[in-house]
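In what follows, a single structure is set out as structure tokens and then discussed.
So you know, we letter chains A, B, ... as the sequences are listed, proteins then strands, and number each from 1. All heavy atoms count here, side chains included; hydrogens, waters and symmetry mates do not.
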There are 2 protein chains.
Amino acid sequence: MSAPYKIYLEEDQIPKKYYNIRADMPEQHDPLLNPATGQPATLEELKSVFCDELARQELDTTTRYFDIPKPVLEFYKMFRPSPVIRAYNLEKALGTPAKIYYKFEGNNTSGSHKLNSAAAQVHYAKEQGLTSLTTETGAGQWGTALSMAAAFFGMDLTVYMVRASAEQKPYRKAVIETFGAGIVPSPSNTTEVGRAILKEHPDTGGSLGCAISEAVEQAGNTPNCRYVLGSVLNQVLLHQSIIGLESKAALDSIDEYPDIVIGCAGGGSNLGGLIGAYMQDSLKGKSDTRFVAVEPASCPSLTRGRYVYDFCDTGKITPLARMYTLGSQFMPSADHAGGLRYHGMSPILSKLYHDGYMEAVSVHQTKVFEAAVMFAKHETILPAPESAHAIRTAIDEALECKKTGEEKMILFGLTGTGYFDMQAYSSYLEGVMVDYVPTDSELEIGFSQLPNIA
Amino acid sequence: MSAPYKIYLEEDQIPKKYYNIRADMPEQHDPLLNPATGQPATLEELKSVFCDELARQELDTTTRYFDIPKPVLEFYKMFRPSPVIRAYNLEKALGTPAKIYYKFEGNNTSGSHKLNSAAAQVHYAKEQGLTSLTTETGAGQWGTALSMAAAFFGMDLTVYMVRASAEQKPYRKAVIETFGAGIVPSPSNTTEVGRAILKEHPDTGGSLGCAISEAVEQAGNTPNCRYVLGSVLNQVLLHQSIIGLESKAALDSIDEYPDIVIGCAGGGSNLGGLIGAYMQDSLKGKSDTRFVAVEPASCPSLTRGRYVYDFCDTGKITPLARMYTLGSQFMPSADHAGGLRYHGMSPILSKLYHDGYMEAVSVHQTKVFEAAVMFAKHETILPAPESAHAIRTAIDEALECKKTGEEKMILFGLTGTGYFDMQAYSSYLEGVMVDYVPTDSELEIGFSQLPNIA
């Protein structure tokens, strides 16, 4: 084994610029719409929700590279470059001729890639002179990441945490509080949206869409405050492009290039970030790499959703985005473990998928946890359930290579670690985990409430 | 800032040999004694408890370096080299002229340095043809590390987990089970020792010493099985020497050498491993580095214990070791959070301390958590409570430098991460954490039950 297990770039090799994939897309996704006017959301309108620089980034389709601000680069040095790792021991256990690499983004206290965008977003807000931020968190990775960045840059932060998650994951909540952020279980009585939802569903465990509505409303009612979001948005994919750029630089250093790039897909932050640098080559006709989005069978926005305009939140107060969606009122089953529970999908990724540049598969969660346990035993990293979706498909592709004898190079994104997901692991180990898959008529309910826009 | 935040050696720079500090000690510690005969424990006697190679390592005072077996080196490549990190942001927050470095051993799923010795111990057992192992775990780091190594090398493992810990940390338990090990909350009715303790104290939460007794007994009653221990023993300090060797190689690469080396001290596995390579220089008169052991004020074996022969376990079935001890019947207060709760201390470290080569301080846990939260906010790593003892003292030394203007170089061991310790963090944040310090008369109870050996 001449190539190392882990490839760490030097600190001065951390990418200095974010890559904006829109500059290379043959066609742009349809614009965000202001639901009040039905017209494309303007920069000024976005600035009332997001801080100025992030609003600019959200709409920019032509600037190919954005300089990473120096304070953000310095912050990154505490946990980046993250390693690209060759899964030698998993390959051996599978007996596959395929080469399996993974980009590991879990080696920081947030336990995921979310810290990449959190640092950028807090920095831009700070630079604008804002003093506080609001956000939502579901599984808790984004809330943790943002609390870390807020603590570091000195910014007040209120996190609307999906109530069910806050109750099931008291330790995740405690980590966020350790970094000094305030937590409000959502829905709450601190917002109009929250009060309305509580009135109708007093016992609800909440949803990501509902927590987004509350955080946006709260930001609007607080002086010198903006809302920030950890996925779905173009600005987030921009910041997360560092994952793909860094992994490409690392693989270049050992003359490797992936035949297949695999990422788990919830709102698309990791997947979009991971594939960016490789998709650039593909869009320019320089490679024929396959790109595979992996989503839960219980929340299948790409594989069973519709490509239409929809609200980004349950409370219907955000702009409308054209994306693959299960409908903003869709709630994944309580049997669904882990994240990847957003009803929609990044407009950029939706467009790439719609135009045939990317594939998507959905997987059952018991098969996901089977892959997670196998991976943990052979590679000694306990993966987040989200990341284990990508592991599942990487293993399936490697087993296919075993059949065909092909020596494909597979790269997948290991977005994070599973320390806060042990309830789900236990339910898998105890054999009580259920593979919930919504029926067509259940999905139809979500579709029936889509806004009526051509 | 020219020097990087993180120094990662290349994989081929992982040390190839363990360093046995005993080969350089001016005087050896007193030998282990067989309690039945009062005579030094023989190799054959130790082989009935430990696997052959580990028994040999336990008694070897002259072999300076032991080759690290190739399969163990390959295993290490999944998580080593671990980084040496410059705490630039902590330094800035403190306004100290001191340079603060830390060796971070928490970047693996066990969340601590314990995996270094776990891999070696499982490998040696496997090579001898053993099929199963038993051990104990308190806070859970050692149990997790051993379950990872056992899963990888294909070895059955039963972990006696201190009952209070198994109940307080169900997720730690779930991680160990994910890696396929069996968990028995201790005391249990699976052993004579356990049944006797349960008869006397039916509601006890257990102790590390008691779990050790059960694991040793169980190993003796199981064919082709041995007991393994994650701290205290000479063999463990030998394996953990990789921490110091690797950190020295990393610091050599940027021409740095510590004026002070600081480590938390429970049984001594991290501290002994961290200081080894530097202590070698010191013992040879090549440096005047200070070595500081940091222990909890609630379990102060070095600073308030006695340097006498004592049992290593509560059930009094292990050999006797001469060490600093609070007495094998000492139980830390329920107010004590985190690990570092062993009644004794590594015989090697006890000897070095007794002979004046090392200092020791004890710290109160609210001050420890204060340091932990400050470290997390500025360095973005959530430390284990154990590790935070070293952080506390590193900060105190850095603040002292601020007073004197000295530009000392401080190196401390960040042994692990705190994801499974959020109950303790919460109790600190909520202001309900208590600083328990045993009174002299409370300690006297433990001392009164020491074995009567000159």
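Side chain of B:E11 to main chain of A:Y5: a donor-acceptor pair is present (N/O by atom type, distance under 3.5 Å, no hydrogens or angles). Between the side chain of B:K6 and the backbone N or O of A:R80, at least one donor-acceptor pair lies under 3.5 Å.
Chain A forms the most heavy-atom pairs under 4.5 Å with one residue out of B:L382, B:N108, B:T380, and that residue is B:T380. Of the listed residues (A:T109, A:I85, A:D421, A:L115), the one with the most heavy-atom contacts under 4.5 Å to chain B is A:T109. Put simply, of A:E10, A:R86, A:M148, the one with the most heavy-atom pairs under 4.5 Å next to chain B is A:M148.
No part of A:T417 comes within reach of chain B, as not one of its non-hydrogen atoms sits under 4.5 angstrom from that chain. Contacts between B:F369 and chain A at a heavy-atom distance below 4.5 Å are absent for every atom of the residue. Using a 4.5 Å cut-off between heavy atoms, B:Y428 does not touch chain A at all.
Interatomic distance, A:E177 CD to B:M422 CE, rounded to the nearest 0.5 Å: 8.5 Å.
Contact detail for A:K377 and B:A151: the closest heavy-atom pair is CG-CB, 3.9 Å.
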Candidate pair A:Y88 and B:E74, rule side chain to side chain donor-acceptor pair (under 3.5 Å), full reasoning: CA-CA 10 Å; A:Y88 281 120; B:E74 286 299 314; over 6 Å; no

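For the pair A:I381 and B:M78, the minimum side-chain heavy-atom distance is 4.5 Å or more.
Between B:Y419 and A:Y171, a ring centre-to-centre spacing not shorter than 6.0 Å is recorded.
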